[in-house]
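From a predicted model like this one, the values you see are computed outputs, not experimental measurements. Residues take their numbers from the sequence shown, with the count starting at 1.
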Amino acid sequence: MKKLLLPVILISSCLAAQAPAGYYNGTSGLTGYALKSKLHDIISAKNINWNYSDLQNFYNQTDLDKYYDHTAANTTYLLDIYSEIPSGPDMYEYTSAQMIGSASAEGQGWNREHMMPQSTFYSNYPMYSDLFYVVPTDARINQLRSNYPYGIVGSTIYYTFSNSSRIGNCAIPGITYTGRVYEPINEFKGDVARSLLYFAVRYEGKLGTFNFNNNANPASDTNPLDGTEERSYDPAYINMLLQWHQQDPVSQREIDRNNTVYAIQNNRNPFIDNPSWAAAIWSQTADAVAPQAPANLSAIQNSAYFTTLSWTPSSSTDVIGYKIYQNGTLIGSTKNTTFVADHLTPSTAYTFTVKAYDNGYLLSSDSNTVSSSTLASDTYAKDIMFSKYLEGTSNNKGLEITNKTGHPVNLSDYRLSIQFPSGSNYYYPDPYELEGILQNNETAVILNPDANFSCYTIGQARFVTAAPQMTFSGSQYLELRYKSTSVDAIGVPNTNNSSTLGNVSLYRKTAVMQPATTFNINEWDSYAVNYCQNLGTLATADAGMAKQQEFRIYPNPVHENIFVYGKTENVKSAQIWDFSGKLIHTEENPFRNKKNISVQSLLTGSYLLNLDGKVYPFIKK
């Protein structure tokens with residue numbers, strides 16, 4: 001019989017108290033897509049990403065049925081939202097040991113269900129093993145659900161399962177798709193909705209690279225993602241998710257699971273902690289008026305491999321971003337008023353334009369066109385590169401990536417790939433995708449979650465993953481890829497690399513400035529196994545050069561104070577200009593007793609900070 005659930009907590013402030021103090025700092029006062037982006041920044045930082053094979057054991061912590069048919073003290077059975085019968089005994093139950101690959105009928109075993117189908121993200125890590133939407137379910141129902149979306153079933157029903165969940169034709173109001181959907185029972189519709197809303201927040205910045213709308217006929221397109229980073233789903237699908245979220249409030253089971261997953265992955269589902277955020281983000285009213293175009297587009301920095309663009313923001317108040325076009329082709333988008341067009345060819349002419357888009361995804365007309373020619377050569381690296389490789393004992397596996405390109409690099413299109421042997425052949429398992437921004441002269445360390453180095457902790461690493469790429473044993477070939485193209489390599493493909501990569505720490509020589517797709521051991525210094533000094537920092541010579549050559553400003557966008565990293569004590573003058581060329585503020589010897597410049601008095605907009613002739617664009621929020 002059903003065990004009584006603990007009272008549902010409906011007050012968002014009580015739910016938010018489940019999160020550690022300060023976890024959601026910076027969200028106060030935010031609404032709409034600005035809130036969504038801030039939540040993304042919070043829940044995507046310092047995650048621990050596990051291997052897909054680890055989930056089976058984790059479900060004994062996250063998904064035991066302590067809420068319906070059993071007590072917390074004695075249960076070893078998993079809670080399966082596809083077969084759970086809240087009002088009485090279940091038709092069947094599973095322990096974690098009863099995982100199988102496939103089934104011909106209900107009740108034969110369970111497997112891992114991606115609530116957002118793994119075909120969406122090509123089975124790549126970290127998405128592939130995210131516990132917030134990869135859950136244990138009956139194997140047969142999982143198979144029949146296939147990659148069909150969740151939805152409202154219409155009059156044609158193909159399957160009805162033991163707990164009354166069903167598969168039938170789509171009847172979601174306003175949706176063009178007419179194919180099959182899986183409709184969970186009412187008890188778990190909110191659970192499903194909050195999992196999919198989490199997915200939209202957690203992987204903002206990557207959603208446009210995922211598999212969506214790839215059928216020419218929308219009536220047969222199974223994926224509700226719409227390719228936007230902010231809205232994320234088709235508007236009618238969002239409406240359904242918000243309705244399910246409202247009708248089936250957060251349960252104690254979800255609160256407990258959220259806390260347990262946080263202990264495992266180091267991130268949380270914000271819509272369990274604060275249910276009101278769903279409506280605060282997606283209940284916006286878009287107008288039918290296209291925004292005003294941005295103006296004063298200019299190329300403020302030119303190099304052999306990149307051009308930095310800057311522009312005056314659109315005057316429209318509902319603008320949420322800008323799309324950048326290179327020679328008429330869309331190459332990216334940003335919420336800021338600067339953008340780095342990279343992976344360019346030296347000695348080549350390009351033209352750029354920018355369009356604003358609003359929260360209804362209406363586009364402005366083009367900005368002015370700016371022409372720019374890249375230099376024949378420069379001192380910067382043409383791409384990011386591996387800088388350290390640690391193949392230590394047990395799970396002491398680490399990589400370091402360094403940016404010497406002269407500009408911030410968006411890591412969303414970069415991934416780690418590894419090659420494993422398969423008999424006499426070799427294969428590449430699912431890659432691990434990087435994310436976030438890597439500033440110029442900054443490093444990012446990637447560790448296996450079970451690493452135990454003496455000089456560097458898991459908490460210090462930028463990325464922590466047990467994906468196949470971080471389970472190397474010293475014989476495998478590793479690649480750093482931009483999209484599908486290799487940009488740097490460690491080892492030789494189709495080869496056992498144990499003689500050079502086994503039981504060793506390799507540090508890229510300071511003089512090596514460029515990545516290379518052909519591995520050369522002479523570019524590396526070799527150290528003893530488990531050696532990890534200066535991990536996560538530039539080499540002394542590099543750091544000194546960086547301090548002499550340039551500064552780094554942060555945060556950007558800024559609210560109150562803009563900080564400057566670098567050798568600031570010699571700066572004689574700091575000036576702030578607007579994009580019309582008007583001098584707004586001047587400080588002489590600005591960093592004599594401090595490291596920051598106050599911008600509290602500035603109006604919201606885009607500005608230029610001039611430090612003794614070096615210019616840094618920034619945005620005042």
Side-chain angles (χ1 to χ4, degrees), residues 50-65 68-69 76-86 90-125 127-153 157-170 177 179-196 198-199 210-211 222-225 241 244 253-254 257 261 430:
W50 296 94
N51 195 284
Y52 189 52
S53 64
D54 295 323
L55 302 191
Q56 181 177 6
N57 288 329
F58 283 140
Y59 290 144
N60 286 317
Q61 301 177 49
T62 61
D63 288 273
L64 292 181
D65 185 1
Y68 296 98
D69 302 287
T76 59
Y77 292 108
L78 300 176
L79 197 163
D80 169 15
I81 66 173
Y82 286 5
S83 64
E84 177 62 49
I85 300 175
D90 300 333
M91 296 293 290
Y92 49 85
E93 292 182 305
Y94 304 120
T95 68
S96 63
Q98 293 173 282
M99 186 174 75
I100 60 176
S102 62
S104 58
E106 278 193 70
Q108 295 178 353
W110 67 274
N111 55 26
R112 293 156 292 191
E113 166 71 309
H114 289 83
M115 300 170 79
M116 175 58 72
Q118 56 181 295
S119 59
T120 302
F121 43 83
Y122 313 103
S123 300
N124 291 355
Y125 286 89
M127 295 73 65
Y128 188 42
S129 59
D130 191 327
L131 278 163
F132 276 115
Y133 56 86
V134 186
V135 296
T137 64
D138 177 75
R140 180 60 177 167
I141 304 176
N142 187 343
Q143 284 175 240
L144 292 173
R145 187 218 160 187
S146 185
N147 65 345
Y148 300 132
Y150 294 103
I152 299 170
V153 166
I157 300 174
Y158 301 104
Y159 301 97
T160 299
F161 302 108
S162 60
N163 77 338
S164 299
S165 63
R166 53 192 184 163
I167 292 176
N169 71 298
C170 178
Y177 172 67
R180 299 186 182 196
V181 296
Y182 174 81
E183 183 174 356
I185 62 174
N186 292 339
E187 181 83 4
F188 299 113
K189 283 180 176 174
D191 304 54
V192 168
R194 285 180 282 276
S195 294
L196 296 188
Y198 161 88
F199 182 89
F210 289 165
N211 183 17
T222 61
N223 199 311
L225 290 176
L241 295 180
W244 286 6
R253 175 252 175 185
E254 288 181 271
R257 193 177 193 277
V261 173
D430 305 312

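The pair E183-R166 meets the salt-bridge criterion, with a side-chain N (NZ, NE, NH1 or NH2) lying under 4.0 Å from an Asp/Glu carboxylate O. Looking at D65 and R253, no side-chain N of the basic residue comes within less than 4.0 Å of a carboxylate O on the acidic one, giving no salt bridge.
Under the ring-ring contact (aromatic ring centres under 6.0 Å, His included) test applied with Y82, the options Y182, F188, Y159 reduce to a single match, Y182.
Listed for the Y94 side chain is no donor-acceptor partner under 3.5 Å among the backbone atoms of D80. Side-chain atoms of R145 come within 3.5 Å of backbone atoms of Y148 as a donor-acceptor pair (strictly under, hydrogens ignored). Judged by distance alone, with hydrogens and angles left aside, the side-chain atoms of D54 form a donor-acceptor pair with the main-chain N or O of N51 at under 3.5 Å. Y125 places a side-chain N or O within donor-acceptor distance of the main-chain N or O of Y52, the cut-off being under 3.5 Å. Looking only at distances, a side-chain donor or acceptor of D138 sits under 3.5 Å from a matching main-chain atom of G107. When atom types are taken as modelled, the side chain of S146 and the backbone of Q143 share no donor-acceptor pair closer than 3.5 angstrom. A distance-only check finds no donor-acceptor pair linking the side chain of D90 to the backbone of E93 [under 3.5 Å]. The backbone N or O of F121 lies less than 3.5 Å from no partner atom in the side chain of N211, so there is not a single donor-acceptor pair. Between the side chain of S195 and the main chain of Y133, no donor-acceptor pair closer than 3.5 Å is present.
Ring centroids of Y59 and W110 are separated by less than 6.0 Å, placing the two rings close together.
The shortest distance between side-chain heavy atoms of V135 and R257 falls below 4.5 Å. Considering only heavy atoms from C-beta on, F199 comes within 4.5 Å of L225 through its side chain. Within the 4.5 Å cutoff, no side-chain heavy atoms of M127 are placed close to those of Y122. A heavy-atom distance below 4.5 Å is found between the side chains of L55 and L131.
In this pair, F58 and W50 present their aromatic rings perpendicular. The plane angle is above 60°, beyond the 30 to 60° band.
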### Task
May I have the step-by-step check of side-chain contact (heavy atoms from CB on, under 4.5 Å) for M115 and I81, ending in yes or no?
CA-CA 11 Å; M115 300 170 79; I81 66 173; 4.2 Å; yes
### Task
Take F161 and L144 through the test side-chain contact (heavy atoms from CB on, under 4.5 Å) and record every step on the way to the result.
CA-CA 11 Å; F161 302 108; L144 292 173; 3.7 Å; yes
### Task
Output, in order, the C-alpha distance, side-chain angles, deciding distance and verdict of side-chain contact (heavy atoms from CB on, under 4.5 Å) for L64 and L79.
CA-CA 5 Å; L64 292 181; L79 197 163; over 6 Å; no
### Audit row: V134, Y128, side-chain contact (heavy atoms from CB on, under 4.5 Å) steps and yes/no
CA-CA 8 Å; V134 186; Y128 188 42; over 6 Å; no
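Summarising the geometry of V192 relative to P184, their closest heavy-atom pair is CG2-CG, 4.0 Å, with the distance given to 0.1 Å. Residues N60 and L78 approach most closely at OD1-CD2, 4.5 Å, considering heavy atoms. For N169 against V181, the heavy-atom pair with the smallest separation is O-CG2, 4.1 Å.
Between the side chains of Q118 and S123, at least one donor-acceptor pair of N or O atoms lies under 3.5 Å. Using modelled atom types and a 3.5 Å distance limit, the side chains of Y68 and E84 yield no donor-acceptor pair.
Between the OG atom of S119 and the CG atom of N223 there is a distance of 7.0 Å, given to the nearest 0.5 Å. Separation of atoms OG (S83) and CG (N142) is listed at 11.5 Å; rounding is to 0.5 Å. For the atom pair I85 CD1 and M91 CE, the distance stands at 6.5 Å (nearest 0.5 Å). How far NE2 of H114 is from OG1 of T137: 11.0 Å, rounded to the nearest 0.5 Å. Between the CD1 atom in I100 and the CD atom in Q108 there is a gap of 6.0 Å [rounded to 0.5 Å]. With rounding to the nearest 0.5 angstrom, the OG atom of S96 is 6.0 Å from the CD atom of Q56.
Atom OH of Y77 has 12 or fewer neighbouring heavy atoms from other residues, nucleotides or ligands inside a 6.0 Å radius.
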